[in-house]
Amino acid sequence: MTDIHSDKILILDFGSQYTQLIARRIRELGVYCEIWAYDNDLATVQAFAPRGIILSGGPSTVTQAHTPRAPDGIFEMGVPVLGICYGLQCMAAMLGGDVSTSDKREFGHASVELCESNALISEASQSVWMSHGDKVTKLPVGFKVIAKSENAPLCAIADENRHFYGVQFHPEVTHSEFGKQLLSRFAHDICGCGNSWSASNIIQDCIESARQQVGDERVILGLSGGVDSSVVAALLHQAVGDQLTCIFVDNGLLRKNEGDQVMQTFADNMGVKVIRVDAEKRFLDQLAGENEPEAKRKIIGRVFVEIFEEESKKIDNAKWLAQGTIYPDVIESAGSKTGKAQVIKSHHNVGGLPDDMDLQLLEPLRELFKDEVREIGLELGLPEQMIQRHPFPGPGLGVRILGEVKKEYADVLREADAIFMEELYATGWYEKTSQAFAVFLPVKSVGVVGDNRAYDYVIALRAVQTIDFMTATWAHIPYEILGNISNRIINEVRGISRVTYDISGKPPATIEWE
């Protein structure tokens with residue numbers, strides 16, 4: 001079996017908003033990499049045995065004494081190092097160069113010119129993305145300038161004898177014209193990494209690892225129908241077959257026909273063992289009278305845990321709890337000194353399971369980013385519509401019904417949301433948006449249906465475009481498409497007299513309404 005971790009890059013994170021993007025770009029090149037906090041000690045870094053190290057950007061300045069630095073001794077390890085933005089400045093300062101605050105800051109596009117031939121940059125000129133206020137003013141011994149920009153004469157530097165490189169710009173962002181080529185030269189040519197990190201190799205590695213962990217014991221998985229749990233189910237079904245039992249809790253807050261679609265995909269087409277629990281009444285009874293969003297979330301999570309525990313106790317010899325934890329979860333839940341982050345996400349994907357369940361965790365996706373999860377999901381044969389679907393909140397429609405959750409509200413919202421999705425797919429706008437959904441507003445407005453006066457509820461439509469979900473812009477869906485969606489909802493969904501479209505960005509608004 002191919003060792004997909006044999007060639008690897010370590011990224012030391014200094015707090016850049018782009019650090020995860022660096023990792024994704026390296027992995028797209030077929031090279032495994034991990035993100036660690038900058039303050040890991042040298043012994044931990046050496047034990048990881050990376051073929052190369054990348055120092056990320058960050059918000060600090062090396063012109064101050066007590067700001068982040070790479071581990072002492074990292075430049076004596078004998079492996080190539082690439083410093084990006086703050087990482088360049090950190091490397092220069094630690095190796096005896098000088099860094100000062102620049103009179104002219106660079107934010108946004110800039111033109112970079114090649115100064116001298118080198119192994120990292122070969123383009124004579126290129127447009128790059130800058131974001132810095134400091135600059136290197138004196139080179140460390142052994143370095144040369146390999147590229148310059150108008151405001152950064154030492155824009156890219158290299159010590160080719162020791163294979164140390166630094167760039168003031170961000171090659172990981174798509175705005176940098178030849179950024180992918182630069183990262184490829186570092187990973188493949190300078191560090192000597194192969195390209196074993198591929199979907200087919202990842203799948204085989206996950207299957208073999210799961211078989212070794214589980215042995216002949218049984219595994220349970222909370223199947224939600226979302227991307228992560230669906231991919232885990234497909235992966236573990238290939239790995240351990242009938243030893244896997246999925247528990248699918250239908251809480252009555254799913255989208256139209258979603259429960260049946262989950263059962264058809266996994267139980268009927270793939271032969272996965274799925275226990276379906278129809279718990280709509282139980283959830284709605286517990287939610288009755290509750291208006292506060294966070295309280296609704298907690299109720300939904302608590303009831304899910306209760307049901308999951310009840311069902312899991314019926315499964316003999318269940319020793320493993322499978323979860324759809326992915327790499328961003330691991331990064332975000334790890335402390336600054338955890339090294340290869342192994343802190344289990346406290347808000348488990350299945351809703352916050354108690355510690356006394358006496359099950360071992362099985363997390364086959366914990367090394368993967370979301371785009372990698374989607375890729376292996378498609379490779380495993382899951383339907384593209386399931387894999388490429390927009391994010392759906394854990395509490396489901398419970399947080400898309402403002403205020404108290406009632407069955408009649410959920411039924412109306414399901415129908416309206418289904419029409420919205422149908423029209424987005426038909427017009428090609430589903431792929432153009434990052435997240436789209438309908439919201440039920442528990443207020444009534446006057447309308448005219450046929451020749452009669454109506455006094456019915458309001459549906460709000462929300463569609464956004466975003467890269468990282470930290471910020472988002474509202475999707476500029478053409479008026480004629482929105483008009484058709486509105487007409488269909490009012491005409492086809494009894495109880496709706498008005499449809500609105502949310503044109504709030506994030507910030508100041510959040511993507512979800514609750």
Side-chain angles (χ1 to χ4, degrees), residues 9-19 22 35-46 50 52-107 110 112 115-116 118-121 128-172 182 186 190-191 336-337:
I9 301 289
L10 177 61
I11 301 169
L12 292 179
D13 181 21
F14 289 94
S16 170
Q17 61 180 319
Y18 300 132
T19 301
I22 300 172
I35 299 170
W36 292 9
Y38 71 88
D39 55 357
N40 279 274
D41 59 38
L42 182 64
T44 307
V45 173
Q46 289 173 323
I53 295 172
I54 296 176
L55 308 179
S56 84
S60 302
T61 172
V62 297
T63 60
Q64 297 175 2
H66 302 292
T67 49
R69 298 292 187 271
D72 289 333
I74 199 170
F75 299 107
E76 284 76 54
M77 283 180 57
V79 300
V81 179
L82 171 63
I84 295 175
C85 198
Y86 181 86
L88 157 69
Q89 298 156 14
C90 177
M91 178 168 62
M94 291 183 70
L95 292 175
D98 290 335
V99 178
S100 63
T101 301
S102 179
D103 294 332
K104 294 182 179 179
R105 299 184 177 188
E106 284 186 298
F107 295 99
V112 169
C115 296
E116 189 172 334
N118 65 94
L120 186 70
I121 300 173
V128 301
W129 187 258
M130 294 280 199
S131 179
H132 70 99
D134 292 345
K135 64 180 179 181
V136 177
T137 53
K138 175 190 170 186
L139 289 175
V141 174
F143 279 79
K144 63 183 179 181
V145 180
I146 58 175
K148 64 181 180 179
S149 70
E150 182 179 353
N151 294 324
L154 283 65
C155 182
I157 63 175
D159 178 340
E160 300 219 88
N161 289 327
R162 291 184 289 178
H163 306 296
F164 296 161
Y165 299 85
V167 293
Q168 190 59 75
F169 55 90
H170 288 274
E172 68 273 22
L182 184 152
F186 180 73
I190 296 170
C191 297
S336 65
K337 295 183 182 294

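- Between Y38 and F14, the closest side-chain pair of non-hydrogen atoms falls below 4.5 Å.
- The backbone N or O of M130 lies less than 3.5 Å from no partner atom in the side chain of Q168, so there is not a single donor-acceptor pair.
- Under the 4.5 Å side-chain criterion, counting only non-hydrogen atoms from C-beta, V136 is not in contact with F143.
- For the side-chain hydrogen bond (donor to acceptor under 3.5 Å, both in side chains) with T61, the lone residue among D134, T101, T67 that qualifies is D134.
- Nearest approach of N40 to W36, heavy atoms of both residues: ND2-CB, 3.7 Å.
- With rounding to the nearest 0.5 Å, the separation of CE in M91 from OH in Y165 is 10.5 Å.
- Summarising the local packing, NZ of K144 is surrounded by more than 12 heavy atoms from other residues, nucleotides or ligands at distances under 6.0 Å.
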Could you go through the side-chain contact (heavy atoms from CB on, under 4.5 Å) check for I54 and I9 one step at a time? CA-CA 7 Å; I54 296 176; I9 301 289; 4.0 Å; yes
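- Residues L139 and L154 are in side-chain contact: their nearest non-hydrogen atoms beyond the backbone lie under 4.5 Å apart.
- With rounding to the nearest 0.5 angstrom, the OG1 atom of T137 is 4.5 Å from the CG atom of D98.
- A 4.5 Å side-chain heavy-atom check between S56 and I84 finds every atom pair outside the cut-off.
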Going through the distances and angles, do L120 and L82 end up as a side-chain contact (heavy atoms from CB on, under 4.5 Å)? CA-CA 10 Å; L120 186 70; L82 171 63; 4.0 Å; yes
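- Between I74 and A70 the shortest heavy-atom distance is CG2-CB, 4.0 Å.
- Between atom NE2 of residue H163 and atom CD1 of residue I53 there is a gap of 13.5 Å, rounded to the nearest 0.5 Å.
- At a threshold of 4.5 Å between non-hydrogen side-chain atoms, the residues Y86 and S16 do not count as touching.
- Distance CD/Q46 to CG/D41: 9.0 Å, rounded to 0.5 Å.
- Taking both residues in full, the closest heavy atoms of D159 and G142 are given as CG-O, 3.4 Å, listed atom of the first, atom of the second, then distance.
- For the pair R162/F75, no side-chain contact is recorded, criterion being any heavy-atom separation below 4.5 Å from C-beta on.
- For the pair K135/V99, no side-chain contact is recorded, criterion being any heavy-atom separation below 4.5 Å from C-beta on.
- Taking every heavy atom of both residues into account, C155 and K148 meet most closely at CB-CA, 3.6 Å.
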Taking it one step at a time, do V112 and F169 satisfy side-chain contact (heavy atoms from CB on, under 4.5 Å)? CA-CA 9 Å; V112 169; F169 55 90; 4.2 Å; yes
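- Taking all atoms of both residues into account, the shortest heavy-atom contact from V79 to P50 is CG1-O, 3.6 Å.
- Heavy-atom minimum distance, C85 versus G57: CB-CA, 4.2 Å.
- To the nearest 0.5 Å, the span separating CD1 on I35 from CD1 on I22 amounts to 7.5 Å.
- In this structure, D39 and R69 have side chains that are not in contact, with every pair of non-hydrogen atoms separated by 4.5 Å or more.
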side-chain contact (heavy atoms from CB on, under 4.5 Å) between I11 and T19, intermediate numbers included: CA-CA 8 Å; I11 301 169; T19 301; 4.0 Å; yes
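- Taking CZ of F164 as the start and CD1 of I190 as the end, the distance is 12.0 Å to the nearest 0.5 Å.
- Within the 3.5 Å criterion, the main-chain N or O of S100 finds no donor-acceptor partner in the side chain of T63.
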